[in-house]
Asks: 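Please read through the structure below; I'll follow up with questions.
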Amino acid sequence: MKQISVIGSISMDLVVESKRRPGAGETVIGDAFHTVPGGKGANQAVAVARLGSTVEMIGCVGSDANGEAIRENFQTQGVQTTHLQTIEGERTGTAHITLAEGDNSIVVVQSANQHVQFADDALAPILADSEIILLQLEIPIETVETVAREAHAAGIPVVLNPAPARSLSPELIEHVTYLTPNEHECGLIFGQDQPIEHWLMEYPNKLIVTEGSRGARFYDGESIVTIPAIETTVVDTTGAGDTFNGALAVALTEGQPLVEAIRFANRAAGLSIRALGAQGGMPTREQMEEDA
């Protein structure tokens with residue numbers, strides 16, 4: 001059976017809760033500290049599994065306690081790990097997250113994620129098993145470009161969540177099927193000289209810009225379509241974008257039209273921010289149906 005393949009980053013998230021984030025050179029007293037599995041790739045894989053689809057996580061962890069804990073978490077969550085590598089002598093990636101003032105700030109240390117790469121024909125068996133591929137930018141850009149190019153040649157759809165944002169080559173944009181930045185990332189990728197609407201129209205049915213509580217927008221070839229977010233209670237926004245991308249892939253593989261797939265992804269993302277941690281609030285399929 002074909003699967004959703006997530007190729008990307010895996011980390012242990014070190015989360016600090018505080019009433020406000022410190023300024024430069026300032027120390028503040030925090031309210032709580034948590035250690036939870038994360039990484040954009042891992043989060044997307046868990047989101048897919050929670051929604052009932054078959055998913056394989058392709059990436060790297062270090063030969064440390066965090067790597068072991070992450071493997072155990074994947075097993076618990078129902079994520080397949082046939083292609084998950086352990087890099088001897090390397091640390092598992094970490095994300096250092098501050099939750100304050102209703103939002104988050106994140107510093108990512110790549111560590112083992114820098115080793116996600118494919119030699120010779122290593123991609124072939126992964127592509128053969130994939131119905132759709134999810135990518136992010138917390139692994140080497142050369143790997144992202146290679147996967148997107150090979151998947152495009154094989155006719156396999158690719159969802160690229162371009163975070164952390166950086167400039168992207170025209171070839172990479174051409175090779176991905178769906179590009180899903182938030183509004184801030186969109187400006188960093190394409191520049192500030194044109195409004196977001198310009199870039200939506202430049203990439204019809206490809207560029208999907210997520211805008212938090214305002215929902216998401218794309219251009220369908222005739223008009224710019226806004227899919228509103230659901231009303232929700234915000235506890236922790238970490239992982240909302242990852243949930244959106246995982247749910248989008250699930251809906252697309254189920255044959256939902258793009259507008260309905262985005263609506264499904266918006267609902268999943270809205271539910272995910274009601275609990276602490278990137279993966280803590282990710283909804284199951286049953287919860288999605290109950291909330292519909």
Side-chain angles (χ1 to χ4, degrees), residues 4-15 35-51 55-62 66-67 70 73-74 77 79 81 83-85 92-99 103-117 132-145 147-148 158-166 168 172 176 178-182 184-186 188-189 208-210 212 216 236-250 265 268-269 272-273 277-282:
I4 295 174
S5 295
V6 181
I7 301 176
S9 57
I10 302 163
S11 72
M12 189 61 76
D13 290 354
L14 311 177
V15 185
T35 301
V36 291
K40 286 188 172 296
N43 292 342
Q44 291 175 9
V46 170
V48 170
R50 291 265 182 93
L51 293 171
V55 59
E56 172 82 23
M57 181 69 223
I58 299 101
C60 297
V61 295
N66 283 339
I70 284 168
N73 182 63
F74 282 143
Q77 299 293 342
V79 176
T81 56
H83 299 281
L84 180 61
Q85 299 180 60
T92 299
T94 52
H96 304 256
I97 302 170
T98 299
L99 303 179
D103 211 335
N104 61 57
S105 302
I106 306 174
V107 176
V108 172
V109 182
Q110 287 180 296
S111 300
N113 292 309
Q114 298 179 84
H115 298 271
V116 181
Q117 52 191 295
I132 193 168
I133 291 174
L134 281 164
L135 291 167
Q136 328 79 38
L137 298 180
E138 290 180 339
I139 59 174
I141 188 64
E142 296 81 8
T143 299
V144 173
E145 292 171 341
V147 172
V158 173
V159 177
L160 172 59
N161 178 216
R166 56 171 293 168
L168 305 176
L172 177 56
V176 303
Y178 304 101
L179 186 67
T180 61
N182 62 32
H184 174 68
E185 292 159 351
C186 190
L188 293 175
I189 292 166
I208 304 166
V209 179
T210 59
D236 181 3
T237 59
T238 307
D242 303 327
T243 304
F244 177 94
N245 282 274
L248 179 69
V250 169
S272 76
I273 64 177
Q279 299 175 14
M282 289 178 173

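What you see is a predicted model, and the numbers here were worked out from it, not measured in a lab. Values below: all heavy atoms of this structure, side chains included; hydrogens, waters and symmetry mates excluded.
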Asks: Show, in sequence, the C-alpha distance, side-chain angles and deciding distance for N43 and M282, and conclude whether the side chain to side chain contact (heavy atoms under 4.5 Å, CB included) test is met.
Replies: CA-CA 9 Å; N43 292 342; M282 289 178 173; 3.7 Å; yes
Asks: Considering all heavy atoms of both residues, which atom of G8 and which atom of V116 are nearest to each other, and what is their separation?
Replies: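 Nearest pair, atom of G8 first, then V116: O-CG2, 4.2 Å.
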Asks: Could you give the distance from CG (L137) to CD1 (I189), rounded to the nearest 0.5 Å?
Replies: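 Result: 7.5 Å between the selected atoms.
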Asks: With distance as the sole criterion, is a donor-acceptor pair present between the side chains of N73 and Q279 under 3.5 Å?
Replies: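 Side-chain D/A pair, N73 to Q279: present.
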Asks: Are any of the side-chain heavy atoms of T180 and P162 separated by less than 4.5 Å?
Replies: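 Counting from C-beta outward, T180 and P162 do come under 4.5 Å.
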Asks: Check A112 against C60 and note the closest heavy-atom contact, atom names and distance.
Replies: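 Shortest heavy-atom separation between A112 and C60 comes out as O-CB, 3.4 Å.
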Asks: Minimum heavy-atom separation for R50 and Q77, please, with both atom names.
Replies: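 Scanning both residues completely, I find the closest heavy atoms to be NE-OE1, 2.9 Å.
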Asks: Within this structure, what is the CG-CD1 distance for the pair L14 and I106, rounded to the nearest 0.5 Å?
Replies: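 Here the rounded value is 11.5 Å.
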Asks: Could you tell me whether H96 atom NE2 has more than 12 heavy atoms of other residues or ligands within 6.0 Å of it?
Replies: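 Yes.
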Asks: Please round to the nearest 0.5 Å and tell me the distance separating atom CG of N161 and atom CD of E185.
Replies: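 That separation rounds to 6.0 Å.
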Asks: Taking atom CE of M57 and atom CG of L84, what is their separation to the nearest 0.5 Å?
Replies: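 Result: 7.5 Å between the selected atoms.
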Asks: Check side-chain contact (heavy atoms from CB on, under 4.5 Å) between A247 and all other residues, then give those that pass, not counting sequence neighbours.
Replies: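 A247 satisfies side-chain contact (heavy atoms from CB on, under 4.5 Å) with L51, F264, A265, A268 only.
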Asks: Closer than 3.5 angstrom, by distance alone: can the side chain of T92 be matched with the main-chain N or O of V61 as a donor-acceptor pair?
Replies: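 Checked: no pair found.
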Asks: Hey, does the side chain of S9 reach the backbone of G41 with a donor-acceptor pair shorter than 3.5 angstrom?
Replies: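 Checked: pair present.
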Asks: First locate atom CD1 of I4, then atom CG of L248, and finally report the distance between them rounded to the nearest 0.5 Å.
Replies: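 Going from the CD1 atom of I4 to the CG atom of L248 covers 9.5 Å.
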Asks: Which atom pair, heavy atoms only, marks the closest approach of I208 to A216?
Replies: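 Closest pair (atom of I208, atom of A216, distance): CG2-CB, 4.4 Å.
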Asks: Kindly give the heavy-atom pair with the smallest separation between V144 and Q136, and that separation in Å.
Replies: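 Minimum heavy-atom contact is CG2-O, 3.3 Å.
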Asks: With rounding to the nearest 0.5 angstrom, report the CD to CG distance, E145 to L172.
Replies: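 The distance works out to 5.5 Å.
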Asks: Excluding sequence neighbours, so at least two apart, what forms side-chain contact (heavy atoms from CB on, under 4.5 Å) with S111?
Replies: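 Partners of S111 by the side-chain contact (heavy atoms from CB on, under 4.5 Å) criterion, ordered by chain and then number, come out as E90, R91, V109.
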Asks: Please examine the side chains of V158 and V147, heavy atoms only from C-beta on, and report whether any two atoms are closer than 4.5 Å.
Replies: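 They are not in side-chain contact.
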Asks: Any idea which heavy atoms bring A249 and L134 closest together, and the distance?
Replies: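 The answer is CB-CD1, 4.0 Å.
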Asks: Evaluate V108 against N113 for side chain to side chain contact (heavy atoms under 4.5 Å, CB included), listing each step before the verdict.
Replies: CA-CA 10 Å; V108 172; N113 292 309; 5.7 Å; no
Asks: Within the 3.5 Å criterion, strictly below it, is a donor on S11 or D13 matched to an acceptor on the partner's side chain?
Replies: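 A pair is found: one side chain offers a donor N or O, the other an acceptor, under 3.5 Å apart.
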Asks: Could you go step by step and tell me if E56 and H83 meet the side chain to side chain contact (heavy atoms under 4.5 Å, CB included) rule?
Replies: CA-CA 8 Å; E56 172 82 23; H83 299 281; 3.5 Å; yes
